[in-house]
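Data first, discussion second: the structure below is written as structure tokens.
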Amino acid sequence: MAQPSDELLDPATMLDRRFRAAISSVLGIVPEACDPQVRPSGDPRHGDFQSNAAMSLAKSHGMKPRELAERIARTVDLAGIALAPEVAGPGFINIRLDAGALASMLEGMDDARLGIVPQRRIHAVTIDLCGVNVAKQMHVGHLRATIIGDCLARVHERLGRKVHRENHLGDWGLPIAMTLAALRRRGADLDRLTLPDLNVAYRAAQAAGADDPGGLAAARATGCGPHRIAELEAQHEGARAAVEEAKSTLLRLQAGDAELLRDWRKIVDCTMREVFETAVILNVRLGPEHSRGESFYRDRLGIVVEDFLESGLATEDAGAIVVRFADRERPLLIRKSDGGFLYATTDLAAVRFRVQELDSDRVVYVVDARQRDHFKDVFDACRLIGWDRTSDGERSELVHLGFGAVLGADKRPLKTRSGENVTLASLLAEAVARGEEEVRARAADPDAATHGLSDPELHAIGRAVGIAAVKYADLSLEVSRDYVFDLDRMVSFQGDTGPYIQYAHARIRSILVKAGLEVPVDRPALPDAPIAVAAPSERDLALALLAYAGVVEDVARTLEPSRLCAFLHRLANAFNAFYHDCPVLKADEPTRSSRLRLSDLTRRVLADGLALLGIESPARM
RNA sequence: GCGCGCGUAGCUCAAUCGGAUAGAGCAUCGGUCUUCGAAGCCGAGGGUUGGGGGUUCAAGUCCCUCCGCGCGCGCCA
């Protein structure tokens, strides 16, 4: 029985249902067991969609593929959706959608939802993103952890899911204690501390604590002079002293020393000020309410180890506590021989908290791909002990979305000329400057839509363009891959770039304004005009638009933002071709209104999709 | 040594559970603005999908093997 909302569905879903029913009927099996393999056609000559199920199902049912395809094609009910299907080749079933059906499906999606159906799920989703370290400036790695995580959070939210954005700060432990001890020792004014100062102090403290027994041994073995050995011994002693001081600072901090905690808070706040400023520049939704660092879990670590010991999953090994796995040599250390906890312990506590207390049936870690082994171990440990179950027993999906490195032109991790890590702040400043440069150059043209705009307006557009360039370039690639950071390519307004999509949006908006329409951000500009789909490029545009909801669902399912970018690029291309072929403002009614409405729908899908990527859609550029 | 990831056009990248002739962008070359924003559109050239073997109606995709690159591997995070 057809649902009342049936007509709101996209063509792929409708065809899936109809073919599922037909295959079920032909083969005498339940619909759930039939995958109709409905796919968009690669070649327009084969129609709009195809079902490939007959070829793979034929053998197991003792039929010839072609014969099965014929029977499915005769049986399937495509009334109101498509023309009669045609069988081709070894058993492809080709489908051409009906123009009237396309029009009514478009009218059906032309509201604030844009065809997206909210997922009714009782559990939440947790996205671990950003992952900054206190006392350290953000670098390019944080760019990816932040924007990919923000995009996935937005996509899940768009689908009606409750999302917890968790910024798992590195705000606890020896390195922080070391930095704190060093700053206090030299009497630094923590109220006037800047992040670069703090960063220098952090690195100095790290260097002071750097023990180099290997170097010492090597120096002895290779017969270095006594001066060199004495120097290394002194460094060794100095490092031990620094580490001892840091350890005692950490102990006092852990014991709740009020003065230390106050100072600790100051360096945390100093770090986070930059994080939140960066979030604003990046157009990422990340605030203090999303910060829950390692310190949050500090009182939950002991019980983690105890529970693993009690369950028999953890054993002692050379004084340390480890969890072993049946299928690999590598154990997971959860307590050091000196009784201290490790980051794995914190991560175990965090998974447990996120699944059980944040009630998440999905926990996504947007973290550097190099930590793949670590997360595999942590997640497996959680599954062994049952911490991947929500309180009502639902199994939670634990997934590490490991992203690749950002490389420089030399294919090596991005560095400045002097060999320093590139800070995120400097990288974004350059991107904004480049975006602004492009926008101002074009605004100089007296015919440009941006000509005569005020300085702050041009700056705002330039910023949106520069940030879009960087984010789109990142999000449009497969997450796990490394990529070369090339600002020239990214800010280009041609090709598969953020600015190109933004341009398509601004251009459409300008057409609607020229038609004298009000152009609301997220509502139809002309909700009542009948849509007609006639010209080939109109059809292409219609098919692209109708794919939107499915793409958003795919992105949530696969955690691949690049699919959304590919969709937006296809849609912008389809619109540009349509715009070239089909006059809008100069067409006669009712074609004019139909095309205006198609344009308006395109405009809102582009803006909605860009918003899911965390990219702004300027009205003019 | 063990484990993981990646090799696709000159460059940067796509390719849905294995589907029809492997697609885009950049670059190159050629068309296209006195007509809605040419940041656009239309077209051309460019490929042994790292090599070899296998599975099948069908392989860039799955399996085996070799080569190359990157990353990770017990008391840091």
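Chain letters run A, B, ... following the sequence lines, proteins first and then strands; every chain starts at 1.
Contact annotation: A:Q50 does not reach the phosphate of B:G19 (side-chain N/O to OP1 or OP2, under 4.0 Å). Residue A:K336 has no polar side-chain atom (N or O) positioned under 4.0 Å from OP1 or OP2 of B:G74.
When the nucleotides B:G37, B:C75, B:G74 are ranked by their closest atom to the side chain of A:P331, B:G74 comes out on top. With B:G74, B:G37, B:A20 as the candidates, the nucleotide lying closest to the side chain of A:R324 is B:G74. In this structure, the nucleotide among B:A14, B:C75, B:C41 sitting nearest to the side chain of A:A320 is B:C75. Counting only heavy atoms from C-beta on, A:Y483 has its side chain closest to B:C13 among B:C13, B:G19, B:A38. Each of B:G74, B:A77, B:G19 was ranked by its minimum atom distance to the side chain of A:N133; first place goes to B:A77. Among B:G74, B:C76, B:G70, the nucleotide with an atom closest to any side-chain atom of A:D482 is B:G70.
Residue-to-nucleotide contacts include no donor-acceptor pair under 3.5 Å from the side chain of A:D368 to the base of B:A77. Contact of A:R481 with B:U12 (side chain to base): no donor-acceptor pair of N or O atoms is detected under 3.5 Å. Donor-acceptor pairing under 3.5 Å, judged by distance alone, is present between the side chain of A:S510 and the base of B:G37.
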Salt bridge (Lys or Arg N to Asp or Glu O under 4.0 Å) between A:E329 and A:R324, intermediate numbers included
CA-CA 8 Å; A:E329 289 294 311; A:R324 294 196 180 276; over 6 Å; no
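Protein atom CZ of A:F567 is 22 Å distant from nucleotide atom P of B:G23, rounded to whole Å. Residue A:D338 contributes atom CG, which lies 13 Å from atom C1' of B:G74 at whole-angstrom precision. A:E478 places its CD atom 16 Å from the P atom of B:U12, with the value rounded to the nearest Å. Atom C1' of nucleotide B:U16 and atom CD of A:E560 are separated by 9 Å, given to the nearest angstrom. Here the P atom of nucleotide B:U12 and the OH atom of A:Y500 are 23 Å apart, to the nearest Å.
Under the Watson-Crick or G-U wobble criterion, with both distances below 3.5 Å, B:G7 is paired with B:C67.
Aromatic pair A:Y500/A:H505: centroids not less than 6.0 angstrom apart. A:Y343 has its ring centre less than 6.0 Å from the ring centre of A:H374.
Both A:A318 and A:S56 lie near RNA chain B, and the one whose nearest nucleotide falls closer to the 5' end is A:S56.
Nucleotides B:A15 and B:U61 have their C1' atoms positioned 9 Å apart, rounded to a whole Å.
With a glycosidic angle further than 90° from 0, B:C4 counts as anti.
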